[in-house]
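So the structure is just underneath, and the comments pick up after that.
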Amino acid sequence: MGKRIISQNRGKGTPTYRAPSHKFKAKLRHIKVDRDETVKGEVIEILHDTARSAPIARISLDSGEERLVLIPEGIAVGQEIACGISAEILAGNTLPLREIPEGILLCNIENKPGDGGQLARSSGVYAVLIAHDVGKTVVQMPSGAMKWLNPGCKATIGVVAGGGRVDKPFVKAGKKYHKLKTRAAKYPRVCGVAMNAIDHPFGGGGWQHPGRPKTVSRRAPPGRKVGSIAARRTGKR
């Protein structure tokens, strides 16, 4: 008897493919401030969060409230950070894009005003503010793509802490196993051509080869939707 292929299993939503959210520290969002307000806080602790590859900080606000926030490189315990339109252009401070000069490195950028920060949040990454235009701001993403954002979107100045993470090799399979335990991913993953014909469309045969075109339709059923799904083009470039 065959088994469901990975894409079918993932869609079913079993614990194997569900991130262990009970281990995560908090939902990291920008501090909410009024339009003309600036809130300051002091970093009292730097923590590891299993939900992400970058370190996070516990800050104590002037109001006495404590919050967990994503931090850029150069932030230390005892340092003061600010959020608001009159905050200085310093690493760790959060401002609306309209208040940030061109050429500044950014991280934890909002995709829409008030969403708390969605873009450039992985360790060691950053975006660059390219230009201000009428009603929009152009930001270069870590991928190199240009994105037009609302000038009211908030962003943190600096490069996300924890850079250089991908430079160190895993060396042992056990290290990769423990890393992926904190992610919504299956490990180890077996390639389709190594499976039996009953378990995967690319399985079976006298040697390891797909045995069929690797490009499939967007409307293919889940058991056949493997390979290059709805590819714009095929063949040698």
Side-chain angles (χ1 to χ4, degrees), residues 1-29 48-56 68 70 107-112 115-125 127 141-147 160 162 165-237:
M1 182 177 173
K3 63 178 187 294
R4 288 189 180 95
I5 63 173
I6 289 174
S7 57
Q8 286 176 306
N9 248 343
R10 186 180 294 282
K12 191 168 185 289
T14 59
T16 306
Y17 300 94
R18 196 177 300 136
S21 53
H22 62 282
K23 294 182 182 178
F24 300 167
K25 293 269 195 289
K27 210 171 183 181
L28 305 187
R29 299 171 64 86
H48 168 69
D49 185 5
T50 51
R52 66 199 74 254
S53 52
I56 62 175
L68 291 174
L70 193 68
C107 62
N108 199 10
I109 308 165
E110 290 183 334
N111 198 25
K112 294 177 183 175
D115 68 14
Q118 304 285 328
L119 311 171
R121 287 162 61 99
S122 183
S123 62
V125 306
M141 293 289 111
S143 65
M146 298 294 178
K147 196 168 180 68
V160 185
R165 170 180 53 89
V166 295
D167 297 340
K168 182 182 178 183
F170 283 104
V171 180
K172 299 195 294 185
K175 300 231 178 201
K176 188 73 175 263
Y177 167 81
H178 288 298
K179 178 188 186 316
L180 291 179
K181 277 295 254 186
T182 65
R183 301 287 186 263
K186 184 179 184 305
Y187 177 84
R189 242 180 118 146
V190 179
C191 56
V193 292
M195 298 182 188
N196 295 320
I198 199 170
D199 296 323
H200 197 276
F202 294 168
W207 64 96
Q208 289 190 0
H209 68 295
R212 63 175 63 243
K214 289 176 70 176
T215 306
V216 296
S217 165
R218 174 72 70 197
R219 293 175 292 278
R224 291 286 171 195
K225 199 178 273 193
V226 294
S228 302
I229 299 167
R232 289 194 182 95
R233 63 180 301 283
T234 59
K236 193 172 180 181
R237 200 174 281 279

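Numbering starts at 1 and runs along the sequence shown. Here the structure is a predicted model, which means the values were calculated and not measured.
- The backbone N or O of Glu110 sits nowhere less than 3.5 Å from a side-chain atom of Gln118 that would complete a donor-acceptor pair.
- Across Ala19 and Ala184, no two heavy atoms sit closer than the pair N-CB, 3.6 Å.
- Test Lys23, Arg183, Lys25 against Thr50 for side chain to side chain contact (heavy atoms under 4.5 Å, CB included) and you get one pass: Lys23.
- How far NZ of Lys3 is from CD1 of Ile198: 10.0 Å, rounded to the nearest 0.5 Å.
- More than 12 heavy atoms of other residues, nucleotides or ligands sit less than 6.0 Å from atom NZ of Lys186.
- Closest approach of Pro20 and Lys181 over heavy atoms only: CG-O, 3.5 Å.
- When the shell of 6.0 Å around CZ of Arg4 is examined, it contains 12 or fewer heavy atoms from other residues, nucleotides or ligands.
- Shown here for Val160 and Cys107, the closest heavy-atom pair between the two residues is CG2-CB, 3.4 Å.
- For residues 192-232, the pairs satisfying ring-ring contact (aromatic ring centres under 6.0 Å, His included) are His200-Phe202, Trp207-His209, with sequence neighbours left out.
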Q.
side-chain contact (heavy atoms from CB on, under 4.5 Å), that's the test. Do Lys214 and Thr234 meet it? Break it down for me.
A. CA-CA 10 Å; Lys214 289 176 70 176; Thr234 59; over 6 Å; no
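- Between atom OH of residue Tyr187 and atom NZ of residue Lys179 there is a gap of 11.5 Å, rounded to the nearest 0.5 Å.
- Within 6.0 Å of atom OH in Tyr177, 12 or fewer heavy atoms from other residues, nucleotides or ligands are found, so the atom counts as exposed in its surroundings.
- Taking CZ from Arg121 and CD1 from Ile109, the interatomic distance works out to 11.0 Å, rounded to the nearest 0.5 Å.
- You'll find the side chain of Val216 stays beyond 4.5 Å of the side chain of Arg224, heavy atoms only.
- Residues Asn108 and Gly117 share a closest heavy-atom pair of OD1-CA, 3.4 Å.
- Remark: Thr182 OG1 to Arg52 CZ distance equals 11.0 Å, nearest 0.5 Å.
- The CG atom of Leu180 sits 10.5 Å away from atom CZ of Arg189, with the distance rounded to the nearest 0.5 Å.
- Taking both residues in full, the closest heavy atoms of Phe170 and Lys176 are given as CE1-CD, 3.6 Å, listed atom of the first, atom of the second, then distance.
- In this view, Arg10 satisfies the salt bridge (charged side-chain N to carboxylate O under 4.0 Å, His left out) rule with no residue, not counting sequence neighbours.
- Pro201 is listed as a side-chain neighbour of Ile5, based on a closest heavy-atom distance under 4.5 Å.
- Residues Pro222 and Lys225 are not in side-chain contact: their nearest non-hydrogen atoms beyond the backbone lie 4.5 Å or more apart.
- In this structure, the separation between CG on Leu70 and CG on Leu28 is 6.0 Å, given to the nearest 0.5 Å.
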